[in-house]
There are 2 protein chains.
Amino acid sequence: MKTTIYDVAKQAGVSIATVSKVISGKGKISKKRREQILKIMEELNYQPSMIASALVGKKTYTIGLLIPDISNPFFAEIARAIEDQAHQSGYSIIICSTDNKDERVERYISLLEQKSVDGIIIGTGVENIEILRRLETRSIPFVMISRESTALAVDTVVSDDYIGGILAAQHLAELGHRRFAILSENLKVSSSRERIRGFKQGLSDMNIPFDDKNIVICDYRVEEGRRCAYELLQYTEKPTAIFCCNDLLAIGAIQAAKQLGIKVPDALSIVGFDDTILASVTDPPLTTIAQPIDRMGKQAFNLLIDNLMNSESVKQRIVLRPELIIRQSTQHAKR
Amino acid sequence: MKTTIYDVAKQAGVSIATVSKVISGKGKISKKRREQILKIMEELNYQPSMIASALVGKKTYTIGLLIPDISNPFFAEIARAIEDQAHQSGYSIIICSTDNKDERVERYISLLEQKSVDGIIIGTGVENIEILRRLETRSIPFVMISRESTALAVDTVVSDDYIGGILAAQHLAELGHRRFAILSENLKVSSSRERIRGFKQGLSDMNIPFDDKNIVICDYRVEEGRRCAYELLQYTEKPTAIFCCNDLLAIGAIQAAKQLGIKVPDALSIVGFDDTILASVTDPPLTTIAQPIDRMGKQAFNLLIDNLMNSESVKQRIVLRPELIIRQSTQHAKR
DNA sequence: TTGAAAGCGCTAACAA
DNA sequence: TTGTTAGCGCTTTCAA
């Protein structure tokens with residue numbers, strides 16, 4: 001059997017209360033006792049059961065991470081950043097890939113609740129706000145990362161999508177482009193909306209017209225991006241530049257262009273968003289708007305911990321500035 | 001407070017045992033009672049506490065996944081495959097990125113033990129076998145994926161690295177290459193050793209000589225691959241083809257070649273291993289040995305579950321055949 | 001400085 | 001078919 005607190009208490013000839021005290025470091029224990037008990041715990045290879053400890057009202061030191069898909073490099077990088085920060089404080093992360101499906105979100109949340117996680121970091125779209133409200137009702141602390149919900153008072157860390165959009169527009173406009181298209185994932189995702197809003201604002205700041213019919217919506221997978229871009233690029237009024245709301249879509253766009261024999265960046269400039277590892281290895285390497293993924297992850301975890309400690313803290317929304325990374329998928333517009 | 005089994009029992013005017021029975025579906029309960037109780041659980045939004053249930057000897061429905069780095073697309077894809085399979089059976093996955101450091105492995109394992117996970121899937125290198133033996137001692141079920149240890153009787157799923165190596169060698173040799181180099185991560189990783197062994201075997205099958213001094217060892221990151229390949233490519237006896245033990249290193253090699261003005265595949269062919277999403281987006285797209293990642297993940301989870309159910313099962317080693325995916329980073333050797 | 005005992009929410013005999 | 005009760009391993013008063 002697994003060794004329990006009773007085993008070490010018996011070995012040491014003390015009560016379990018005493019052992020418990022040396023484990024937690026609380027309460028006064030004579031130095032001699034403490035060392036003796038520590039030694040015995042060592043010998044018996046004693047590992048206190050978090051399960052039991054959690055049952056008596058302590059924390060589980062486990063948090064849930066809801067994201068669309070862990071195999072999407074952007075979220076994998078987010079996960080790593082969070083994991084590292086969490087690990088330092090002894091927390092573990094349960095990954096939950098939702099595919100952006102509300103039903104999966106609900107299923108996972110209920111699972112996490114049953115497992116009494118200390119909190120949840122949400123980085124996935126949730127259409128039905130009620131799902132999140134339920135978290136509030138049950139007072140399960142949660143924060144949002146890379147997604148947000150204005151309807152909720154919740155700690156949030158995002159990158160400034162609006163500015164990101166502007167950055168992309170400026171870059172492209174400065175290169176002389178005038179005919180644009182936008183490839184975006186589901187508009188229900190507020191960050192996509194903001195990126196588009198920023199992009200359009202950037203254009204309008206420079207008095208460049210843009211027609212919303214040049215916005216194409218698709219799923220967030222490479223394959224989807226390729227398919228949508230493929231259609232897009234068959235218009236008679238072909239764009240000379242495409243702004244893609246994430247790197248995956250941008251890669252799809254590059255592939256579509258290749259398929260159609262359209263040279264990137266010679267005949268078509270493409271800008272992505274995120275700057276995951278993918279952006280640096282595409283053909284051509286992708287000009288993209290870089291999110292400070294590492295910082296975002298760490299801040300999100302810290303916000304969550306603040307919440308656990310002090311549930312009455314004033315909610316904050318941390319907005320990190322993205323940055324334009326120029327690689328080789330953009331170039332001067334031909335005339 | 002959170003609603004407990006007592007709350008629903010009181011509401012229903014029955015004992016907690018009865019409620020417990022309808023939750024687990026065991027025991028005979030009259031249909032009427034059952035429905036009444038179900039309704040009340042619904043109303044009260046009752047979620048049974050897995051913590052409490054785990055404490056009385058049931059499972060936690062949580063498993064640990066040890067991998068080098070979740071932000072490495074190969075492992076992220078493995079994780080997703082496992083997660084999907086696990087989720088179907090109500091299991092959650094705790095991710096543990098070890099960076100291949102034994103100390104991190106130990107730390108994580110002890111954390112997982114404290115959390116009473118039902119089992120562990122190990123996909124990371126572990127130098128000190130004792131660490132794994134300790135898992136056996138404590139009868140924590142575990143299986144290995146994409147790594148193995150001949151010293152241990154443990155269920156394992158790997159792709160056939162040896163065959164993968166042969167496939168790469170054959171492909172390159174058929175293209176007329178004769179001067180090779182190998183870029184590998186740490187040789188302590190058995191899969192790298194096997195890939196190299198297969199590659200050398202493939203060459204020797206075709207009577208092509210290969211000198212071990214052309215094997216370069218480096219860390220598993222792109223940057224490391226770039227650095228090592230950079231040095232490698234400065235030999236007077238430059239290779240015309242490089243076999244890289246994973247896609248990340250292959251990407252590094254491509255970058256190094258670019259830096260040195262060596263055209264891929266014109267002047268240098270490169271073969272990777274894994275076939276993650278990265279391989280399809282590099283410049284040029286990477287010829288690589290594809291591992292059946294999805295199948296591997298699912299099989300690994302299934303093996304683990306078998307272990308939980310029936311700890312006396314005969315250990316098995318499942319070897320999945322990899323496949324050569326020809327893209328554009330390889331071509332006929334110039335003469 | 002130490003220990004006895006209650007109780008966290010649940011399961012599983014065993015009784016009724 | 002339903003209920004009583006004894007734990008699971010731990011933390012935490014409260015007493016000693």
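What you are looking at is a predicted structure, and each value in this text was computed from that prediction instead of being measured. Proteins come first, then strands; the chains are lettered A, B, ... in the order of their sequence lines, and each starts at number 1. Any value given below was found using the heavy atoms of this structure, including those in side chains, with hydrogens, waters and symmetry copies removed.
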Round to the nearest Å and state the distance from [X] atom [atom1] to [N] atom [atom2].
X: Q114(B); N: dC10(D); atom1: CD; atom2: C1'; answer: 13 Å
X: K115(B); N: dC10(D); atom1: NZ; atom2: C1'; answer: 17 Å
X: R34(A); N: dT1(C); atom1: CZ; atom2: C1'; answer: 11 Å
X: K10(A); N: dG3(C); atom1: NZ; atom2: C1'; answer: 17 Å
X: Q36(A); N: dT2(C); atom1: CD; atom2: C1'; answer: 13 Å
X: K59(B); N: dT11(C); atom1: NZ; atom2: C1'; answer: 15 Å
X: K26(A); N: dG3(C); atom1: NZ; atom2: P; answer: 19 Å
X: I29(A); N: dT1(C); atom1: CD1; atom2: P; answer: 8 Å

Modelled atom types, side-chain donor and acceptor of [X] and [Y], under 3.5 Å:
X: N45(A); Y: R138(B); value: yes
X: E148(B); Y: T156(B); value: no
X: T62(B); Y: K115(B); value: no
X: N100(B); Y: N186(B); value: no

Between K39(A) and E43(A), does at least one N-O distance fall below 4.0 Å, as a salt bridge requires?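 Counted as a salt bridge, because a side-chain N and a carboxylate O are separated by less than 4.0 Å.
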
Considering only dT4(D), dT1(D), dT1(C), which nucleotide approaches the side chain of S30(B) most closely?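 Per side-chain heavy atoms of S30(B), the pick is dT1(D).
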
Tell me whether the OP1 or OP2 atom of [N] has a side-chain N or O from [X] closer than 4.0 Å.
X: S20(B); N: dC10(C); value: no
X: K58(B); N: dC8(D); value: no
X: S15(B); N: dT4(D); value: no
X: K32(A); N: dT1(C); value: no
X: R33(A); N: dT2(C); value: yes

So, [X] side chain and [Y] main chain: donor-acceptor pair closer than 3.5 Å or not?
X: D102(A); Y: E127(A); result: yes
X: T98(A); Y: R104(A); result: no
X: T60(B); Y: S116(B); result: yes

Plane angle bin for Y91(B) and Y61(B) - parallel if under 30°, tilted between 30 and 60°, otherwise perpendicular: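 Tilted.
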
Listed pairs, N/O of protein and of nucleotides 6-9 of chain C, under 3.5 Å:
from: dG9(C); atom 1: N2; to: A52(B); atom 2: O; distance (Å): 3.3

So which protein N/O to nucleotides 13-16 of chain C N/O distances come out below 3.5 Å?
none

